[in-house]
Participant: 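Quick one: structure below, then a few questions.
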Amino acid sequence: MAQKLQFCTFYLDGLLFGVKLTDVQEVIRFLEVTRVPLSSGVVSGLINLRGQIVTAIDLRKRLDIAPRLGEASPMNVVVRSENCAVSLLVDQIGDVVEVEEDSFEPPPETLRGMVRTVILGVHKLDDRLLHVLDTEKACQVAETSEVAAIQA
Amino acid sequence: MPANDSDIVSEFLAESYENLDRLDRELVSLEKDPQNRDALAGVFRTIHTIKGTCGFLGFGKLEKVAHAGENLLSLLRDGRLILTPEITTVLLGMVDAIRQILAEIKTTGLEGNADCSGLLERLKLLQSSGAKPDAPSASPSAASPPAVASSSIEAKEVVKGPPAVVQPAAKAEAPPVAAGTASSETIRVGVNLLDNLMTLVGELVLARNQLLQYSNLVENASLQAVSQRLNLIATELQGDVMKTRMQPIGNIWNQFPRTVRDVALGCGKEVAIEMEGKETELDKTIIEAIKDPLTHLVRNAVDHGIELPEVRVKAGKGRAGRLLLRAFHQGGQVNIEISDDGSGLNRERIKKKALERGLLSADQAARLADRETYNLIFLPGFSTAEKVTNVSGRGVGMDVVKTNVEKIGGTVDVQSTPGQGSTVRVKIPLTLAIIPALVVTCAGDRYAIPQVSLLELVRLEAEQAKTKIELVHGAPVYRLRERLLPLAYLRHELDVKPKDGTEAAGPINIVVLQADGRPFGLIVDTINDTEEIVVKPLSKQIKGIKTFAGASIMGDGSVALILDVLGVAQRANIIGETHDRELEEVVAETGAQKSQKSSFLLFTGPDEAHMAVPLDTLARLEEIPASQVERSGTRWVAQYRGQILPLVNLAFALEERRSRRRHKKFFAAGAENARLQVLVCNYKGQRVGVTVEQIVDIIEDGAEVRYPASRAGVLYSAVVQGQVTELIDIPAILEASGIETFQDESAAEVIQ
């Protein structure tokens, strides 16, 4: 009997993504973001999550997807990464999906570049593919140019 | 075997650790003064307490070790044995062994199987070597009443009665005899609980800020009264909770005599340690964070800094080196200095080493100034020790010291004089939790600037800004009291563009800040207000940005970043050695000239005349809305700080007497909505306001070129900042204006 896995799913540019349900702390509507100058472009800014300051990561940028157009404001998927809350900004929230472990396949060789480190693989759903994200990796941000310059 | 009541055991552990710390100190001080009976008795009592408790709890091995130590001590106490360094070493070894066993008990609940037989052997040997064999065990129980351990490291002694003063109980000097009285007034509290309290108070402060902002918007007297009360209570609570977390730095210094003794003995040196400012208090988190760096610095000073006794004698110094620890508050920061009177740092050797290690190029090395050279020792992978000892010289350490200190927002700096020793200065903030900050806006976002680095604020009107901000080959500067202040645009440093894309073309706001002792001006869009902010650390995604020290939640619930003034200055290239030296010269120069110069307030008077008054005749500068000017008899007045402030319009006061008439209006027509610039002066024990057109600046000038006064009310004319300026004689003006004063001084007091 294959094991069942649960994912919290969301959409980015029409694609279905998911992170392990156990990694997710909560899902909340859009909150005002304070931008962080000099940070990597992936960091959208800081949000006030009930008195806790949480970094918001623009998942579209993290995954090299074209920027969000139009008026629709993103949703926050707050995940726990290394004991810190991090918010992933997504277009739209999907359902909690339960899949069989053996419907998983690693990403094809043709998937290249930085994205490959973030996408663990896909689960084959009936009508579409569920991209599984590595939560830790998704929360990682390349060091900013400033830091690199100081260390050089 | 051990008692299974874990509460009793953990209590025992906590007490024993304190006792052991005290033993360390007492033994080292006893070594210096072996004849001190009181100290000996104290040591004896302490070890006896440990022995007694572990016997009670059934820790047999621990008891055996403590017992052996006690036997040896009893000989010392009875004067049958004289304390030698050898004995001290063994006794300290015993303390370490007990500590080890305690650590084992803490983790496993059992005593473990560490072998103590060697130690026991040595303790026995020493007993028999010096003493007559007829002293196997002096009965200790009669001599020492079971001392109640009451001093504490983590918890605090709460003195009853308002206001609740929280004091650390573990004063190093407290003789063990005096201890044992305060037990009923002390509560041992878990650090977790204190941390939780701190977080909650932080939240409370945020909620209070939000409420205050809201209550200012709503015109509701009772709401305002309640929120003011809440404000006061929250502030007091915050202060007290912060105090519970404060510990004197002596708590970590107390172990240094032992450290110094061990290190000095290990490398054959003689070192006397002195401490100043033991009682300086620091937040617990900071104390913990600097413990290791300080220990390292102390070991380093003994191992590298202080020379061998023979070398010292040859150099004309005393045999024993001197290590001085100093702690003091300065400008909202705590300074800790570790100085030795050793050989000092060797510039050439540092440079050579840095070159060998490839830490910098030969070209760079040649250009380095002294201070920069010394600070090379903080680079990773740097160590000049000729040989690696077990104490230091492995090239890890100094850079770790620096990173650890910087992690908590501090700075490290080293100064050295060849042949006379070196001083390492660590500067750290008092607390990390809640700080007062100035809130500014830049490109539509708010930023908080910690008030500790704030010197002053300068505002330039738009037209002034064009001429007042000058360029030194493209680098903007501002003449602040005749000294060039380097400027940085926050907007450029942060590389941000306003959200709506418009460029600000209003007045210029310069926030004058101090970074590492150097002033610089940071130009921001708007200056909002000062606020107590709760500092929250940045997450790891943005931690690497040196420009920000943290983030905070503002009154309206949005997030604002806290600027790291040092980081901003570094980014703007404000900090550099050349500038530093120039500045020192300037400071020295102005110091010398200060005696001849005095400060003046520059302003424009009627008809845009340049005028000045000596600053010491003024009490304050105020802006009073013209609408608040009232008439009282023949006099124009304004209500000011609960008093009636008579106003004198300088324009009228300076007019020729013959043309003077009673002015119907205090100000020119059409200026009813203006804000009056008022110089508040002290005049015969009361305050009088003199209105002027525009306040320009405060300058320091000798005003050597003088010309006699051309009209009444003027002292003389002088060239100030290249402008002929009239020096106004305020008392004469007020005299001529006929300002009423109370003949009877008591009447004035009643009114005031």
Side-chain angles (χ1 to χ4, degrees), chain A residues 25 28-59 61-62 73 76-89 118 134-152, chain B residues 199-207 209-210 379-380 403 406 441-448 490-499 533-548 550-564 566-568 570-571 573:
Chain A
Q25 176 183 316
I28 38 174
R29 64 183 163 72
F30 176 71
L31 290 174
E32 202 193 320
V33 179
T34 302
R35 63 178 165 173
V36 181
L38 309 175
S39 63
S40 136
V42 176
V43 174
S44 175
L46 300 173
I47 57 172
N48 172 10
L49 182 67
R50 295 187 304 276
Q52 195 188 357
I53 294 174
V54 171
T55 309
I57 287 179
D58 189 336
L59 211 48
K61 285 208 183 124
R62 183 76 185 88
S73 31
N76 291 288
V77 177
V78 182
V79 296
R80 309 286 311 172
S81 157
E82 291 173 28
N83 270 329
C84 277
V86 176
S87 168
L88 303 175
L89 297 185
V118 190
D134 181 333
T135 314
E136 292 292 325
K137 291 269 167 60
C139 295
Q140 270 169 22
V141 167
E143 285 196 327
T144 59
S145 53
E146 191 209 16
V147 178
I150 283 168
Q151 285 176 344
Chain B
T199 322
L200 286 174
V201 166
E203 300 293 322
L204 180 68
V205 167
L206 286 180
N209 289 352
Q210 282 170 16
L379 286 178
T403 14
E406 281 177 352
T441 311
C442 173
D445 291 319
R446 277 180 301 174
Y447 298 92
L490 185 57
R491 209 176 259 228
H492 297 179
E493 300 315 326
L494 296 184
D495 198 17
V496 284
K497 293 192 179 60
K499 282 169 183 159
I533 56 166
V534 179
V535 181
K536 307 244 175 180
L538 295 173
S539 68
K540 68 180 165 68
Q541 285 88 355
I542 49 177
K543 215 174 207 160
I545 307 173
K546 297 263 193 268
T547 328
F548 304 118
S552 182
I553 295 174
M554 308 310 285
D556 62 357
S558 67
V559 180
L561 286 157
I562 302 165
L563 290 182
D564 182 334
L566 208 60
V568 173
Q570 270 164 359
R571 201 179 159 77
N573 289 329

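Chain letters run A, B, ... following the sequence lines, proteins first and then strands; every chain starts at 1.
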Participant: Under 3.5 Å, is there a donor-acceptor pair between the side chain of A/Asn76 and the main chain of A/Arg29?
Facilitator: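 Indeed, once roles are kept as given, a pair shorter than 3.5 Å links the two residues.
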Participant: Among A/Val79, A/Val78, A/Asp58, exactly one meets side chain to side chain contact (heavy atoms under 4.5 Å, CB included) together with A/Leu88. Which residue is that?
Facilitator: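 Of the listed options, the one satisfying the test is A/Val79.
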Participant: Could you look at A/Leu31 and say if it's the side chain, the backbone, both or neither that has a heavy atom under 4.5 Å from chain B?
Facilitator: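 Neither part.
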Participant: Please answer whether the main-chain N or O of A/Lys137 pairs with a side-chain N or O of A/Arg62 as donor and acceptor at a distance below 3.5 Å.
Facilitator: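 Such a contact is found between A/Arg62 side chain and A/Lys137 backbone.
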Participant: Using only heavy-atom distances, determine whether the side chains of B/Ser558 and B/Arg446 contain a donor-acceptor pair under 3.5 Å.
Facilitator: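 Note: B/Ser558 and B/Arg446 side chains meet the donor-acceptor criterion.
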Participant: Under a 4.5 Å heavy-atom cut-off, does chain B meet the side chain of A/Val43, its backbone, both or neither?
Facilitator: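 Contact with chain B: side chain only.
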Participant: Heavy-atom distance under 4.5 Å to chain B: side chain of A/Val54, backbone, both or neither?
Facilitator: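 For A/Val54, there is no contact with chain B at all, as no heavy atom is under 4.5 Å.
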